[in-house]
Amino acid sequence: MAAEQELKMEIAPQASSDFIELMTAKGWEPLSSLMLANCYYDTPQQALKQAGIALRVRRVGKQWIQTLKTAGQVDSNGISTRGEWEWELQTGQLNTELAREQLPAQIDAAELKPLFTTDFKRTAWLIDYQGTLIEVALDQGEIFAAPKRVPISEVELELKSGDTSGLLALAELLKSEIDLKVSTVSKAERAQRLLEGDV
């Protein structure tokens with residue numbers, strides 16, 4: 001298990017090009033720009049959500065990755081810390097056996113079905129800032145929970161190594177030049193709210 005620490009910020013869709021220009025002006029070139037297609041699973045009663053768990057299968061190019069995340073905690077700065085497990089798959093088929101140890105005993109794996117999707121383009125930078133290694137990701141796309149859709153437009157800063165103080169300092173630098181608002185709501189949580197009609 002890895003402990004994921006990240007800070008999520010909302011950005012206006014029309015400001016995404018300004019964000020990319022800002023990164024370039026700072027001398028930071030994108031490491032990658034990829035389409036990510038994600039399908040999230042739960043039981044009809046949303047037992048995973050109730051247990052604070054998100055389970056998805058992501059397609060990145062020709063690669064399939066299954067990920068399970070716990071709800072974790074959010075500190076006063078908006079940095080979330082949560083458990084994360086990943087497994088490479090041969091196909092896009094959910095493999096519940098891989099996640100059996102992380103799934104609550106009362107979950108019937110046979111009941112897990114696709115619930116919603118989050119598809120977006122991710123432009124990513126890997127930055128060494130004040131001795132802290134940070135992945136900066138600009139995500140642009142949409143959440144689809146039939147028949148509803150809402151846009152995705154956000155910037156994520158994920159701590160790869162070092163101290164959170166460097167991550168927060170980079171966030172402040174970016175916020176001083178682009179209108180970014182800290183958000184503690186994940187894409188999966190937004191999709192859940194869309195399913196429940198609370199958007």
Side-chain angles (χ1 to χ4, degrees), residues 1-8 32 34-75 78-122 124 126 133-135 137 139 141-150 152 154 156-161 164 167 183-199:
M1 181 196 77
E4 179 188 59
Q5 289 185 291
E6 69 176 21
L7 180 68
K8 186 186 301 290
S32 62
L34 300 167
M35 288 300 301
L36 306 182
N38 308 274
C39 183
Y40 285 79
Y41 292 78
D42 207 335
T43 68
Q45 297 78 30
Q46 298 190 39
L48 290 185
K49 177 196 172 189
Q50 293 170 28
I53 292 172
L55 180 63
R56 74 171 184 229
V57 173
R58 166 176 286 176
R59 178 170 57 81
V60 186
K62 295 182 179 180
Q63 185 181 26
W64 297 92
I65 301 170
Q66 178 174 302
T67 303
L68 183 146
K69 294 187 181 187
T70 57
Q73 298 178 335
V74 180
D75 69 14
I79 297 177
S80 66
T81 302
R82 55 191 174 182
E84 180 181 52
W85 293 261
E86 287 191 340
W87 304 269
E88 287 193 24
L89 302 176
Q90 296 300 311
T91 69
Q93 185 71 35
L94 180 71
N95 185 335
T96 55
E97 284 300 314
L98 294 174
R100 183 163 297 279
E101 288 186 16
Q102 289 74 38
L103 291 172
Q106 70 272 21
I107 300 290
D108 183 353
E111 290 191 353
L112 294 172
K113 305 295 180 188
L115 199 62
F116 54 82
T117 61
T118 64
D119 298 337
F120 52 91
K121 180 182 179 181
R122 167 166 288 176
L126 193 60
L133 192 62
I134 304 160
E135 182 185 77
D139 293 343
E142 72 171 10
I143 295 168
F144 177 60
K148 302 173 185 176
R149 300 175 188 269
V150 292
I152 293 170
E154 59 190 36
E156 290 182 0
L157 276 61
E158 182 177 347
L159 185 66
K160 293 299 185 181
S161 67
T164 56
L167 186 150
S183 172
T184 59
V185 183
S186 70
K187 296 178 184 70
E189 289 172 305
R190 289 186 64 207
Q192 292 284 359
R193 293 178 183 182
L194 190 62
L195 280 172
E196 296 161 7
D198 182 19
V199 292

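Just so it is clear, the structure is predicted and the values come from calculations on it, not from any experiment. In this chain, numbering begins with 1 at the start of the sequence shown.
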When you look at Asp75 and Gln73, which way does the side chain to side chain contact (heavy atoms under 4.5 Å, CB included) test go after all the steps? CA-CA 7 Å; Asp75 69 14; Gln73 298 178 335; over 6 Å; no
Start with the C-alpha distance between Gln192 and Leu115, add both sets of side-chain angles, then the distance that settles side chain to side chain contact (heavy atoms under 4.5 Å, CB included), and finish with yes or no. CA-CA 9 Å; Gln192 292 284 359; Leu115 199 62; 3.9 Å; yes
Going through the checks in order, is the side chain to side chain contact (heavy atoms under 4.5 Å, CB included) test met by Arg82 and Glu6? CA-CA 9 Å; Arg82 55 191 174 182; Glu6 69 176 21; 3.1 Å; yes
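Note that the CG atom of Leu157 and the CD1 atom of Ile79 stand 9.0 Å from one another [nearest 0.5 Å]. In this structure, NZ in Lys121 is found 11.5 Å from CG in Asp139, a value given to the nearest 0.5 Å. Taking CD1 from Ile134 and CG from Leu167, the interatomic distance works out to 4.5 Å, rounded to the nearest 0.5 Å. Note that CD of Glu196 is 9.5 Å distant from NZ of Lys148, once rounded to the nearest 0.5 Å. Between the CG atom of Leu195 and the CD atom of Gln46 there is a distance of 6.0 Å, given to the nearest 0.5 Å. A distance of 11.5 Å separates CZ of Arg59 from SG of Cys39, quoted to the nearest 0.5 Å.
A 4.5 Å side-chain heavy-atom check between Ser183 and Arg190 finds every atom pair outside the cut-off. Residues Lys187 and Glu156 meet the side-chain proximity criterion, which asks for heavy atoms closer than 4.5 Å. The shortest distance between side-chain heavy atoms of Leu159 and Thr164 falls below 4.5 Å. Residues Lys8 and Val185 fail the side-chain proximity criterion, which asks for heavy atoms closer than 4.5 Å. Side-chain contact between Tyr40 and Thr118: present, with at least one pair of heavy atoms (C-beta onward) separated by less than 4.5 Å. Side-chain contact between Phe120 and Asn38 is present, with at least one heavy-atom pair separated by less than 4.5 Å. Residues Arg56 and Ile65 are not in side-chain contact: their nearest non-hydrogen atoms beyond the backbone lie 4.5 Å or more apart. With a 4.5 Å cut-off on side-chain heavy atoms, Trp87 and Leu68 count as touching.
Pairing each heavy atom of Val74 with each of Ser80, the nearest pair is CG2-CB, 4.0 Å. Residue Tyr41 comes nearest to Pro114 through the heavy atom pair CD2-N, 3.5 Å, listed as atom of the first residue, atom of the second, then distance. The minimum heavy-atom distance linking Thr184 with Gly78 is given by the pair CG2-CA, 4.2 Å. When every heavy atom of Asp119 is checked against every heavy atom of Ala37, the shortest pair comes out as OD1-CA, 3.2 Å. Considering all non-hydrogen atoms of both residues, Pro104 and Ile53 come closest at CD-CD1, 3.5 Å. Considering all non-hydrogen atoms of both residues, Gly92 and Val57 come closest at O-CG1, 3.7 Å.
With hydrogens and angles ignored, the 3.5 Å screen pairs a side-chain donor or acceptor of Asp42 with a backbone N or O of Lys49. Panel note: side chain Glu189, backbone Ser186; a donor-acceptor pair is recorded below 3.5 Å. In this structure, Thr43 contributes its side chain and Glu111 its backbone to no donor-acceptor pair below 3.5 Å.
Applying the 6.0 Å contact sphere to CD of Glu88 captures no more than 12 heavy atoms from other residues, nucleotides or ligands.
With Leu55 as reference, Leu94 is the one residue of Leu94, Thr67, Ile107 to meet the side chain to side chain contact (heavy atoms under 4.5 Å, CB included) rule.
Lys160 and Glu158 are joined by a salt bridge, as a carboxylate oxygen and a charged side-chain nitrogen come within less than 4.0 angstrom of each other.
Residue pairs satisfying the side chain to side chain donor-acceptor pair (under 3.5 Å) criterion with at least one member in residues 92-107, sequence neighbours excluded, are listed as follows: Glu97-Arg100.
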